[in-house]
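Beneath this line is the structure, given in structure tokens, with notes to follow.
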Amino acid sequence: MKKIFLLLLLSGLISLGISSYTTVSINPILKKTVHYIGPRVMGSKVQLEDAKLSTLSGYGSLQNVYLGNPVGFPRGHCIQIGAIDVDMLPSSIGTGTIIINDLTIKDMDIAFITQRKENNFALLLQNLRRKLPEAPVFPPNPSKEIDYANVIGNRYVIKNVHIISPSVSGSMPKPQKANFSVMMDDMNFSNIGAPEHGVPFLVALEQILAKIENRVRYAVMDTYARYKNY
């Protein structure tokens, strides 16, 4: 029962029991939820320093989000974020499908580590995908599309995701092993979960992280190519 309760808390990340007319700190309950569920989903250390939002205005922020490396990689972060600003549609709270107009991610630093032909970011995504909802059919049919309206918990549509001045650091392959750190272009994604008319929180997270990983891979490959030309 406790585990189910915590899972529901996570799926309702933006709409936890918050006062409808005040901006409050939901730090204690959200930290406990993130710290309990996060490692079980991602297979790594997950931390959140603080969270505040107002359901009256729809504005809020998450402060200092930390996602550690998976097992088998050096200690340290894979993704570290200074702040995530949230602008949601207040009237969507309590409807079952929460509309987030804008999600702005600031000061995101990614440590990209390749080890035994596998990188830390991709492994975290693999761990997350193992926890995503499956099609409610028997026997299981992976090709069947999931009707997320039948999945328990809140669903999310994120109209715009804006990642401001992200950076990626890592090291060159052998034999050079030179360290690098580069600033990436801003990232802009739109309509997360919209085609499905809302998706569970973990599905929205997977869609965003998959898009980020694609951009990170490109930036790392471009850096490798530039390095070889010098």
Quick check: do [X] and [Y] have side-chain heavy atoms less than 4.5 Å from each other?
X      : Y      : value
Val157 : Ile100 : no
Gln207 : Val199 : yes
Asp87  : Thr104 : no
Ile163 : Met108 : yes
Asp109 : Pro166 : no

For a quick test of reading the model, state the closest non-hydrogen atom pair linking [X] to [Y] and the distance between them.
X      : Y      : result
Val168 : Phe180 : O-CE1, 4.1 Å
Ile212 : Phe189 : CG1-CE1, 3.9 Å
Ser167 : Met183 : CB-SD, 3.7 Å
Gln47  : His35  : CA-NE2, 3.4 Å

Any Lys/Arg nitrogen of Asp85 or Lys106 sitting under 4.0 Å from an Asp/Glu carboxylate oxygen of the other?
yes
Do [X] and [Y] share a hydrophobic cluster, counting only Ile, Leu, Val, Met, Phe, Trp and Tyr and linking them when any side-chain heavy atoms are less than 4.5 Å apart?
X      : Y      : value
Val182 : Val216 : yes
Tyr36  : Val34  : yes
Ile79  : Tyr66  : no

Backbone N or O of Gly72 within a donor-acceptor pair of the Gln115 side chain at under 3.5 Å?
yes
Does any N or O in the side chain of Arg215 come within less than 3.5 Å of the main-chain N or O of Lys211, such that one atom is a donor and the other an acceptor?
no
Atom pairs and distances, side-chain donor-acceptor, residues 121-132, under 3.5 Å, sequence neighbours left out:
unit_1, atom_1, unit_2, atom_2, d
Asn127, OD1, Arg130, NH1, 2.8
Asn127, ND2, Met42, O, 2.9
Asn127, ND2, Leu123, O, 3.4
Arg129, NE, Glu206, OE2, 2.7
Arg129, NH2, Glu206, OE2, 2.9

Only one of Leu103, Asp186, Asp102, Ile105 clears side-chain contact (heavy atoms from CB on, under 4.5 Å) with His162; which?
Asp186
For Asp50 and Gln63, does a side-chain donor sit closer than 3.5 Å to a side-chain acceptor?
no
